[in-house]
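Predicted model, so just to flag it, every value in this text is computed and none were measured.
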Amino acid sequence: MKLSDYVIHFLETLHVKDVFLLSGGGMMHLLDSLAQSRQIQPYYNLNEQATSICGDAYAQFQNEMSVCMVTTGPGGTNAITGVVSAYQDSTPMLVISGQVKRADFAPKGVRVYGAQEVNITGLVENVTKYAVTVTEPEKIRYHLEKAVYLATHGRRGPVWVDLPLDVQSAEVDLEKLKGYEEEHPLCKPAEKTLEKIVTDLKAAKKPAVLLGHGVVASHAHHFVHELSQLLQIPIMATWRGKELLPEEHPYYFGSPGSQAPRYSNFILQRSDFLLIVGSRLDWSLTAFDEPGFAPNAKKYIVDIDQAEMDKLHMKLEEKICCDAGTFLSLFILELKKQAYQFRDSSNWLESCREWKHQYPIYHERMELDTQGVWGYDFAKALTSYSDNEDVFVASPTGRVCIAMNLGIALKGTQRFVAPRGLGSMGYALPSAIGVCIASNRRRTICFEGDGSLQHNIQELQLIVTYQLPIKLFIYNNRGYSSIYGMQNTHFRHRLAGCTPESGVILPSLKRIAEAYGISYACISSSAELKQGVQKALKDEAPLICEVVGDIRFEEIPRTQTRVHEDGTITSSSMEDLYPFIDSTKGERETI
């Protein structure tokens, strides 16, 4: 069998249904073999960065490995941004690249010899779990099986297999191809550790749980619902664990962190016991103040990556290196064994529910002389008028990122995909495409910034080419609002490269929609919000809807330096978010 045909056959045996790619000469044999497949649907991007981003988002929705293909040289280098993001987000993704034929490899000391030659595996080896250039055709099965195994086991992540042209076209004897065999031992917590956690939990008066994406990655959603009924204590989730519990769940209390609902941080910071499962506690959660994170709580952390726990500078009762799903299954058994029941002698749950009622995210706003649409108002409208089966895609950066992650309240069977990774501009549009395809074309609602859209604007054509039911809402605040806010805060309103006046001019969204043949709508003020969102969501037809905002809107609530009356400056704690409120609010005499 021709090796490129074997590669496609291998993917078919894995039940791969979709592949993202951009055609190129360096992958011509792979391209021809893929075109002959009756099982795999190719989706042709218009830039390889979008190829890897589509693959990242597709895998996040499916919670399974995705597949991308790119050509040699710039095809591979263009794809690196999406691969880095997948690596940081622990997304399983297989990238297969073309490469110049082996005879055209550059000799040692020569920068380039073959046409568009790049040592791509040398570039990506630090941002993948496995990267290999296959120079021996008879080892193709071994390398593919190893790549897939590593992508999907342990802490998951992207892998890269690079195939020179003459390797792609080589003939291989299927009976002589050797496979890859390796088993990682299943790590699980010691019985004494589980007993100790439950003992401390029983003694706690203000216990809480924080769940992260590791729970999602381990397919442990069902354990979360059972856990909530057994514990009956506050459960919070990171942004990437947002869909683990619906907003109206009686024990769900949002996502804490440096930008968060006040009630989530009140609960976190006042807890006396905190179980953290499947979260690496990055800076967005700890606000760069690890010692001040839940400072009064006995903290247990469960993560599949020991290094992520070892990096933390906070007091922890124990670090448990374990798959989140494995831990939850055993922890639930221990709770049942000990007949655990939370005795709320301090009115802890009542306090938590009062905070959630008193400080909803939709009440957070800036009073400005503007008719522009406030991000949380827009998110609330999307929540109200979306269908129960819709899928949301959040941009990983800027004002729209905060609005979606904090403002969307999930209902029914809605899904929420929130790539974080690098926080790269241009990520939302190809992410929406990948998610829409992964969801079998469920209506996909995406909120993106006007500046960020420009970074992968060419992918609008895929919405038209494949007639994808994507509602793309573009927040027009005439520039880069995050940069604008940063320069106002740190450089006394000296602006550079963030507004039309400082050098950044963005094109008309209406003309862009017309150019791509996509229907256009505009919500130009808060007064038009309700009717505009209802009209935009009345069907499944592709749509670009411009939402006019104001660049002066800030990401609130958030941690921020506080200037006191005596002129001294201190960093605000996580329970003291900007805009600052009376420090006595949120307190109860009973806790």
Side-chain angles (χ1 to χ4, degrees), residues 81 239 257-260 283-284 287-288 361-362 364-379 394-407 418-429 446-457 472-512 522-526 529 544-563 569 571-572 577-580:
T81 294
W239 287 1
S258 59
Q259 295 167 324
W283 67 266
S284 65
F288 293 104
I361 197 68
Y362 303 126
E364 302 285 351
R365 63 180 58 250
M366 298 179 62
E367 300 300 331
L368 297 173
D369 56 339
T370 179
Q371 296 298 313
V373 176
W374 178 234
Y376 293 142
D377 291 342
F378 178 70
S395 172
T397 186
R399 303 291 185 255
V400 293
C401 169
I402 307 303
M404 288 290 278
N405 279 283
L406 300 187
R420 292 285 290 156
L422 290 173
S424 174
M425 294 178 73
Y427 224 86
L429 172 55
C446 177
F447 194 25
E448 174 65 302
D450 54 348
S452 183
L453 174 69
Q454 302 303 317
H455 288 241
N456 271 307
I457 194 170
L472 190 61
F473 293 91
I474 307 298
Y475 199 55
N476 178 4
N477 51 23
R478 298 177 69 245
Y480 304 149
S481 56
S482 296
I483 305 302
Y484 174 88
M486 176 193 69
Q487 292 177 345
N488 269 332
T489 300
H490 297 286
F491 302 108
R492 300 182 180 181
H493 307 282
R494 294 193 302 271
L495 302 181
C498 63
T499 62
E501 298 75 17
S502 62
V504 172
I505 299 177
L506 302 171
S508 163
L509 290 169
K510 183 177 181 180
R511 292 183 180 180
I512 289 171
C522 181
I523 301 172
S524 59
S525 68
S526 296
L529 183 57
I544 292 176
C545 182
E546 181 175 0
V547 181
V548 179
D550 192 304
I551 202 167
R552 294 174 295 171
F553 286 142
E554 297 182 30
E555 298 162 327
I556 58 173
R558 67 171 187 266
T559 54
Q560 180 171 298
T561 299
R562 186 164 190 160
V563 181
I569 299 175
S571 297
S572 63
L577 298 175
Y578 172 84
F580 303 116

Pairwise side-chain contact, [X] with [Y], heavy-atom cut-off 4.5 Å (strictly under):
X      : Y      : result
Cys401 : Glu555 : no
Glu501 : Arg478 : yes
Leu429 : Ile457 : no
Tyr480 : Gln487 : no
Ile474 : Ile512 : no
Arg552 : Asn488 : no
Ile505 : Pro500 : yes

Enter the distance from [X]:[atom1] to [Y]:[atom2] here, rounded to the nearest 0.5 Å.
X      : Y      : atom1 : atom2 : answer
Leu495 : Met486 : CG    : CE    : 10.0 Å
Asn476 : Ser508 : CG    : OG    : 9.0 Å
Glu364 : Arg558 : CD    : CZ    : 11.5 Å
Trp283 : Phe288 : CH2   : CZ    : 5.5 Å
Ser526 : Trp374 : OG    : CH2   : 11.0 Å
Ile544 : Lys510 : CD1   : NZ    : 13.0 Å

Which atom pair, heavy atoms only, marks the closest approach of [X] to [Y]?
X      : Y      : answer
Ala428 : Pro396 : N-CD, 4.5 Å
Ile361 : Pro557 : CD1-CD, 3.7 Å
Ile483 : Ala496 : CG2-O, 4.4 Å
Trp239 : Gln259 : CZ2-O, 3.7 Å
Leu529 : Ile523 : CA-CG2, 3.8 Å
Tyr475 : Asp550 : OH-N, 4.1 Å

Keeping the roles fixed (side chain from Ser424, backbone from Tyr427), state whether a donor-acceptor pair exists under 3.5 Å.
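The answer is no, because no donor-acceptor pair under 3.5 Å joins these two groups.
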Is it true that a side-chain atom of Tyr362 and a backbone atom of Gly407 form a donor plus acceptor pair closer than 3.5 Å?
yes
